[in-house]
Amino acid sequence: MISTVLVANRGEIACRVFRTCRELGIRTVALHSDPDADALHVREADLAVRLPGATPAETYLRGDLVVKAALDAGADAVHPGYGFLSENAGFARAVADAGLTWIGPPPAAIEAMASKTRAKELMGVAPLGPDITAADLPVLVKASAGGGGRGMRVVRELADLEGELEAARAEALSAFGDGEVFVEPYLGGDAGARHVEVQVLADAHGTVWILGTRDCSLQRRHQKVIEEAPAPDLIRGVSDVIYEMAERACRATGYVGAGTVEFLVADGRAHFLEMNTRLQVEHPVTEAVFGIDLVALQLRVAEGEALDPEPPAPRGHAVEARLYAEDPAASFAPQTGTLHRLRVPPAVRVDTGYTDGDTIGVHYDAMLAKVVAHAPTRAAAVRALAGALERAEVHGPVTNRELLVRSLRHPEFTDGRMDTGFYERHLDELTAPATDPHAPLAAALAQAAHGHRFGGFRNVPSQPQTRRYREEPHGTEHEVRYRHTRAGLASAEGDGDGDGDVHVVRASPDRVVLEVGGVRRKFDVAVHGDRVYVNGAALTALPRFTDPGEQRAPGSLLAPMPGTVVRVAEGLTEGAAVTAGQPLIWLEAMKMEHRILAPASGTLTALHATVGRQVEVGALLAVVQAVVQEEQS
């Protein structure tokens, strides 16, 4: 029997595997890069081994170092998690050759399916050849290894194909250590396609469990955001086909362990995408519906035990949302910094690799947590998840929390009519500013109440105190006024403007109660430096006067996130002419590439970006002086 498991991964999935191992009495070993030295998964493991370096290529993608770490720590088994080396057949062989138990499918099955090109050939679906014409458009450039939307690009113009191929290769190489890509027809949101997948689990004795469907249609950058099980409103004939193809994929490859077979469903037909030969990020929704622990079953299968002839019967519905440190209104740019607080109501399941005070760094994925609700019906599960996220306290970098809540409550989603084009159609409305209009006043009163401990009341009436706040991440500024009175803090918002229906009932540093139009409303407040959180809304307290040193010249291109400059447009030098929308600089952050575009047509008057340079958020990369269009006389 397995006694000690090394998880060849990090963050949330490492913590998830460790949880099951503890329940089974199995010792655990963590790996960590230098930035992860104090990460939650390291703190939760019984033992930890350092992988010197910071980037995935130096650390988590070094199979030789991972195997050595397992042996040095006395582990007798390796669980790959997902991503990194989880679908690398050479790594699986190296684990077995070292006398360790590989908690995953046989290397031959990984080879058959881990390359998406070979998987399509096995399933009778061929990718497009090299002679792509305009008639083939739109197409999807896709990495042959790995997943998670990395190394994936939609191409709608033939002239863009070569550039997107190059970008996809670079991103795939960085994320998976394999730069192979292929091209296939794009069945996206404009085709009304849904992303539907099947969870499978097989043992070495010929038993294959087909554990229902999941719908993962809500995606950004081809990476899943909200998933659910079972997939709602599937045509019976379609579900029969995908179950049959999923079992065929398992039996054709001699599959053993957990895996997922993915499809796009469009025009009443199922189109095979790929088979992921590992545990999926969204596996908790299947666990909730079937009442099972997939990690425990993986361990059981790896020890050679047989599965029951039939899986448990499904019950109810489960929905999962991925909480990311990213700004959906800024092309989902990842965010970094200190996570001051992460608290979610206990009625839902939370899988996370972070806790209060942890730092969200630049080197890895921006996912903070997966939040899962299970209920007898889909409507009840969706409502429970939206409510839990709405009440969650997430203090730190900007997140997609508000986007998740609005998505779950959008009629297209609640009615089960979503497809992979959901965010292409609705992103603007889902990211529009919606801060409570009284949140800035509550923030000001809470901060003033904190200061009032040291005296603030004046016997002689004075002008109201004024504070300014910037709403994050949208940037809307608010100015609020209040007074210190004998009775305590009072709103001055109604002075002279007729708005007299806001009364301060109570104000303390962490709770403000206002009476608005005769209705009492409470506001929970938390302050971290100059950032104030009011019922989930994030506000930055602004200084009274602007620092001249912070002003930037018009046309300044600032780094939207910390990262590494990996590419500068060919021939780009100071004095060069640029056109609006032209890609100038490429940043890599959290294993994804981000393009910095020219904001207008004009002249590049400054260039501070060089390949290999590490930059912080807000760093000046370049300056473009726009061409002034003279009026026609």
- Met113 vs Thr253 side-chain heavy atoms within contact, under 4.5 Å: yes
- Are Asp419 and Ser217 linked by a side-chain donor-acceptor pair shorter than 3.5 Å? no
- Item | Distance-only donor-acceptor check, side chains Thr564 and Gln614, under 3.5 Å | yes
- Task: Go through the steps for Val350 and Leu323 under the test side chain to side chain contact (heavy atoms under 4.5 Å, CB included), then give the verdict.
- Result: CA-CA 10 Å; Val350 179; Leu323 182 66; over 6 Å; no
- Query: Looking at CD of Glu262 and CD1 of Ile242, how far apart are the two atoms once the value is rounded to the nearest 0.5 Å?
  - Reply: 11.5 Å
- Any salt bridge between Arg19 and Glu44, counting N to O under 4.0 Å? no
- Message: What I want to find out is whether Glu228 reaches Arg214 closely enough, with some N-O distance under 4.0 Å, to be called a salt bridge.
- Response: no
- Any ion pair linking Arg300 and Glu305 (charged N to carboxylate O, less than 4.0 Å)? yes
- By side chain to side chain donor-acceptor pair (under 3.5 Å), Arg248 pairs with (sequence neighbours left out) Glu244
- Message: Could you walk me through whether Asp36 and Arg10 satisfy the salt bridge (charged side-chain N to carboxylate O under 4.0 Å, His left out) test, starting with their C-alpha distance in whole Å, then the side-chain angles of each, then the deciding distance to 0.1 Å, before giving a yes or no?
- Response: CA-CA 8 Å; Asp36 274 344; Arg10 63 174 302 280; 2.6 Å; yes
- Item | Any pair counted as salt bridge (Lys or Arg N to Asp or Glu O under 4.0 Å), so long as it reaches residues 92-110, sequence neighbours left out | Arg93-Glu111
- Task: For the residue pair Val319 and Val285, establish whether any side-chain heavy-atom pair is separated by less than 4.5 Å.
- Result: no
- Is it true that Arg322 and Asp351 have a side-chain N and a carboxylate O under 4.0 angstrom from each other? no
- Message: Strictly distance-based, threshold 3.5 Å: is any side-chain N or O of Arg401 a donor or acceptor partner for the main-chain N or O of Leu389?
- Response: yes
- Query: Distance-only, no hydrogens or angles: does the Glu58 side chain make a donor-acceptor pair with backbone N or O of Thr55 under 3.5 Å?
  - Reply: yes
- Kindly state each residue pair satisfying side-chain hydrogen bond (donor to acceptor under 3.5 Å, both in side chains) with at least one member in residues 329-339, sequence neighbours excluded. none
- Message: Closer than 3.5 angstrom, by distance alone: can the side chain of His32 be matched with the main-chain N or O of His41 as a donor-acceptor pair?
- Response: no
- Message: With salt bridge (Lys or Arg N to Asp or Glu O under 4.0 Å) as the rule and sequence neighbours excluded, what pairs involving residues 329-342 come up?
- Response: Arg341-Glu393
- Short side-chain to backbone donor-acceptor contact, Thr352 and Leu368, under 3.5 Å: yes
- Message: According to salt bridge (charged side-chain N to carboxylate O under 4.0 Å, His left out), who are the partners of Glu164, at least two apart in sequence or on a separate chain?
- Response: Arg153
- Query: Got Val566 and Val611 here, is their nearest side-chain heavy-atom distance under 4.5 Å?
  - Reply: no
- Note, Leu6 side chain near Thr4 side chain (heavy atom, < 4.5 Å): no
- Side-chain donor-acceptor contact under 3.5 Å, Arg16 with His283: yes
- Between Leu427 and Leu403, does a side chain to side chain contact (heavy atoms under 4.5 Å, CB included) hold up when you go through it step by step? CA-CA 9 Å; Leu427 187 60; Leu403 174 73; 4.1 Å; yes
- Are Asp356 and Arg343 side-chain neighbours, meaning at least one heavy-atom pair lies under 4.5 Å? yes
- Task: Using the test ring-ring contact (aromatic ring centres under 6.0 Å, His included), find all partners of His395 that sit at least two apart in sequence or belong to another chain.
- Result: His528, Tyr533
- Item | Results of side chain to side chain contact (heavy atoms under 4.5 Å, CB included) for Ala98 - residues two or more places apart only | Val67, Leu71, Leu100
- Rounded distance (nearest 0.5 Å) linking atom CG of Leu621 with atom CG of Leu587: 6.0 Å
- Message: Which residues pass the salt bridge (charged side-chain N to carboxylate O under 4.0 Å, His left out) test with Arg43, not counting sequence neighbours?
- Response: Asp38, Asp358
- Calculate, to the nearest 0.5 Å, the distance between atoms OG1 and CE belonging to Thr101 and Met1 respectively. 11.5 Å
- Message: Test your reading of the model: is there a side-chain donor-acceptor pair from Glu303 to the backbone of Ile2, 3.5 Å cut-off?
- Response: yes
- Message: Are Tyr324 and Phe332 an aromatic pair, judged by ring center distance below 6.0 Å?
- Response: no
- Item | Asp46 side chain vs Thr28 backbone, donor-acceptor pair below 3.5 Å | yes
- Task: Can you sort out the partners of Glu402 under salt bridge (charged side-chain N to carboxylate O under 4.0 Å, His left out), two or more places apart, ordered by chain and number?
- Result: Arg406
- Test log, rule side chain to side chain donor-acceptor pair (under 3.5 Å), inputs Gln219 and Arg221: CA-CA 7 Å; Gln219 304 177 6; Arg221 287 182 169 175; over 6 Å; no
- Give a yes-or-no answer on whether the side chains of Gln199 and Glu287 include a donor-acceptor pair shorter than 3.5 Å. no
- Can you tell me if Thr277 and Tyr255 form a side-chain donor-acceptor pair at under 3.5 Å? no
- Please answer whether the main-chain N or O of Gly259 pairs with a side-chain N or O of Asn276 as donor and acceptor at a distance below 3.5 Å. no
- Query: Looking at Arg220 and Glu424, does any basic side-chain N land under 4.0 Å from a carboxylate oxygen?
  - Reply: no
- Task: Would you sort out whether His195 and Leu264 count as a side chain to side chain contact (heavy atoms under 4.5 Å, CB included), showing the intermediate values?
- Result: CA-CA 5 Å; His195 189 123; Leu264 276 180; 4.3 Å; yes
- Item | Spatial distance of atom OH (Tyr82) from atom CD1 (Ile13) [nearest 0.5 Å] | 5.0 Å
- Query: Does Phe263 have any ring-ring contact (aromatic ring centres under 6.0 Å, His included) partners at least two apart in sequence or in another chain, and if so, which?
  - Reply: none
- Is there a ring pair (Phe, Tyr, Trp, His ring centres under 6.0 Å) between Phe91 and Phe84 once you walk through the steps? CA-CA 10 Å; Phe91 175 61; Phe84 294 135; over 10 Å; no
- Can you list the residues that meet the salt bridge (charged side-chain N to carboxylate O under 4.0 Å, His left out) rule with Glu23, with sequence neighbours excluded? none
- Message: Could you measure the distance from the OG1 atom of Thr20 to the CD atom of Gln298? Nearest 0.5 Å is fine.
- Response: 9.5 Å
- Message: Strictly by side-chain hydrogen bond (donor to acceptor under 3.5 Å, both in side chains), give each pair with a member in residues 62-77 just once, sequence neighbours left out.
- Response: Ser3-Asp76, Arg62-Asp64, Lys68-Asp72
- Is it true that a side-chain atom of Lys370 and a backbone atom of Val281 form a donor plus acceptor pair closer than 3.5 Å? yes
- Ser86 and Pro80: which non-hydrogen atoms are nearest, and at how many Å? CA-CB, 3.6 Å
- To the nearest 0.5 angstrom, please state how far the CD atom of Glu166 sits from the CH2 atom of Trp586. 8.0 Å
- Message: Would Glu197 and Lys224 count as a salt bridge (charged side-chain N to carboxylate O under 4.0 Å, His left out) here? Give the steps.
- Response: CA-CA 12 Å; Glu197 60 191 31; Lys224 301 161 187 173; 2.8 Å; yes
